[in-house]
Enquirer: 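Have a look at the structure that comes next, please.
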Number of protein chains: 2
Amino acid sequence: MANKNFDFQSLKVKLAERGLKVTSQRLVIFQCLLKYNEHPSAEMIFERIKDDHPSISLATVYKTLDTLVEAGLAKKIESWDALKRFDAKTEQHTHLFCINTNEIIDFEDAELSGLLEEYFKRKEFKNFTVTDFQLQINGQIGDKSKSIKLKQLK
Amino acid sequence: MANKNFDFQSLKVKLAERGLKVTSQRLVIFQCLLKYNEHPSAEMIFERIKDDHPSISLATVYKTLDTLVEAGLAKKIESWDALKRFDAKTEQHTHLFCINTNEIIDFEDAELSGLLEEYFKRKEFKNFTVTDFQLQINGQIGDKSKSIKLKQLK
DNA sequence: ATTTGTGCAAAACCTTTGCACTGGG
DNA sequence: CCCAGTGCAAAGGTTTTGCACAAAT
């Protein structure tokens with residue numbers, strides 16, 4: 001298991017390639033992210049590593065994860081945004097999410113619904129019972145020319 | 001517009017049907033949720049109503065929205081959970097989300113990818129430029145018999 | 001009258017930030 | 001050496017909670 005592409009040696013290389021300083025904290029955090037691919041939060045990683053590395057602080061975990069994301073070595077699993085948002089429409093439907101304005105727009109398309117329904121009807125998941133699903137389509141309202149990317153809220 | 005199924009009268013009925021007391025706060029908040037279907041956060045609703053109803057507190061908005069969700073009159077647009085979570089796998093893929101354990105599991109299926117890719121290639125969105133999308137499949141690990149629904153975290 | 005809902009303020013929670021210190025290049 | 005990275009503690013922002021008061025059935 002040592003050489004499964006996330007031994008320290010190859011991680012060092014990856015960090016260095018991106019011009020990032022190689023620190024023991026980054027190696028530990030990066031390896032933890034790769035090794036248990038449980039899609040952890042910063043907190044979860046902190047819990048995992050703190051026994052073996054009691055000196056690493058939670059703030060460093062946060063900072064390091066952001067650094068890895070910036071370097072393209074990890075990805076944030078984006079939810080709509082931090083706020084929990086509500087919908088009075090209780091039936092299953094797809095949402096368009098505008099990355100500029102944070103608007104959420106209902107989207108219904110018989111073809112898409114049909115496609116997915118049919119897929120889920122046919123598909124067997126081993127050891128997983130599906131209750132529902134959500135499809136979020138990200139993009140921007142309007143056309144490609146106005147590509148300013150604000151990160152506003154509210 | 002007064003009678004578009006979210007006038008106070010029909011909202012009163014809906015609340016009463018669920019055994020909820022009809023209060024002016026609930027009517028205002030519920031109507032706001034329906035009227036501007038912008039998929040708001042609690043904060044957004046509060047902003048919208050506070051000028052006309054300065055006495056309604058933010059805490060009430062939170063509580064009322066939760067009440068509506070419990071009663072099945074609204075839905076939380078669930079993100080994975082409140083925490084921002086990370087993934088070392090940077091390519092597009094689908095996630096299975098276990099509603100019992102909050103685990104996130106990678107899911108790849110050539111058929112599904114093909115289906116969606118083909119759909120997006122073919123589909124024209126009017127006034128919306130798609131950058132990417134995410135499919136989250138909710139359910140529980142294991143089978144239907146162990147249907148305990150914890151809301152744990154960490 | 002009783003029970004449920006509301007408003008306030010405080011607490012809890014998660015995440016970010018400022019700054020002095022440390023350590024890698 | 002120098003600058004980027006780290007740790008601490010404090011601040012920031014969002015959501016939840018406890019409790020006394022108000023309102024609905």
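Chain letters run A, B, ... following the sequence lines, proteins first, then strands; residues in each count from 1. What's counted below: heavy atoms across the whole structure, side chains too, no hydrogens, waters or symmetry copies. The model shown is predicted, which means the values in this text are computed figures rather than measured ones.
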Enquirer: Output all residues satisfying side chain to side chain donor-acceptor pair (under 3.5 Å) with B:Lys12, sequence neighbours left out; order by chain, then residue number.
Expert: none
Enquirer: In whole Å, I'd like the distance from the CG atom of B:Leu15 to the P atom of C:dT4.
Expert: 16 Å
Enquirer: Please report, rounded to the nearest Å, how far the C1' atom of D:dC8 is from the CG atom of A:Leu58.
Expert: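 Rounded to the whole Å, the gap is 12 Å.
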Enquirer: With sequence neighbours excluded, tell me which residues meet salt bridge (charged side-chain N to carboxylate O under 4.0 Å, His left out) with A:Glu47.
Expert: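 Scan of A:Glu47 (salt bridge (charged side-chain N to carboxylate O under 4.0 Å, His left out), adjacent residues dropped) gives A:Lys50.
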Enquirer: Nearest whole angstrom, please: distance from the P of D:dG7 to the CD1 of A:Ile29.
Expert: 8 Å
Enquirer: Can you find a heavy atom in the side chain of A:Ile45 that is under 4.5 Å from one in the side chain of A:Thr64?
Expert: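 No, their side chains stay 4.5 Å or more apart.
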Enquirer: Can you give each donor-acceptor pair under 3.5 Å made by side-chain atoms of residues 15-26 of chain B, sequence neighbours left out, with the distance rounded to 0.1 Å?
Expert:
from	atom 1	to	atom 2	distance (Å)
B:Arg18	NE	B:Ala71	O	3.2
B:Thr23	OG1	B:Arg26	N	3.1
B:Arg26	NH1	B:Lys21	O	3.0

Enquirer: How about B:Phe125 and A:Phe107: are their ring centres within less than 6.0 Å of each other?
Expert: yes
Enquirer: How large an angle, rounded to 10°, do the end axes of the helix from C:dA1-D:dT25 to C:dG25-D:dC1 enclose when each is built from five base pairs?
Expert: 30°
Enquirer: Sequence neighbours left out, what passes ring-ring contact (aromatic ring centres under 6.0 Å, His included) with A:Tyr119? Give chain and number order.
Expert: none
Enquirer: By a strict heavy-atom criterion of less than 4.0 Å, which residues belonging to residues 18-27 of chain A are in contact with DNA chain D?
Expert: A:Lys21, A:Thr23, A:Gln25, A:Arg26
Enquirer: For nucleotides 18-20 of chain D, give me every protein contact, N/O to N/O, under 3.5 Å, one pair per line with atom names.
Expert:
from	atom 1	to	atom 2	distance (Å)
D:dG18	O6	B:Lys63	NZ	3.0

Enquirer: For A:Glu118, check side chain to side chain donor-acceptor pair (under 3.5 Å) against everything at least two apart and list the hits.
Expert: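 A:Glu118 satisfies side chain to side chain donor-acceptor pair (under 3.5 Å) with A:Arg122 once adjacent residues are dropped.
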Enquirer: For B:Ser57, which residues count as a side chain to side chain donor-acceptor pair (under 3.5 Å) partner, sequence neighbours excluded?
Expert: B:Thr60
Enquirer: Take the protein atom CD of B:Glu70 and the nucleotide atom P of C:dG5, then report the distance between them rounded to whole Å.
Expert: 10 Å
Enquirer: Excluding sequence neighbours, so at least two apart, what forms side chain to side chain donor-acceptor pair (under 3.5 Å) with B:Thr67?
Expert: none
Enquirer: Is A:Phe8 linked to A:Val13 within one hydrophobic cluster, defined over Ile, Leu, Val, Met, Phe, Trp and Tyr using a side-chain heavy-atom separation of less than 4.5 Å?
Expert: no
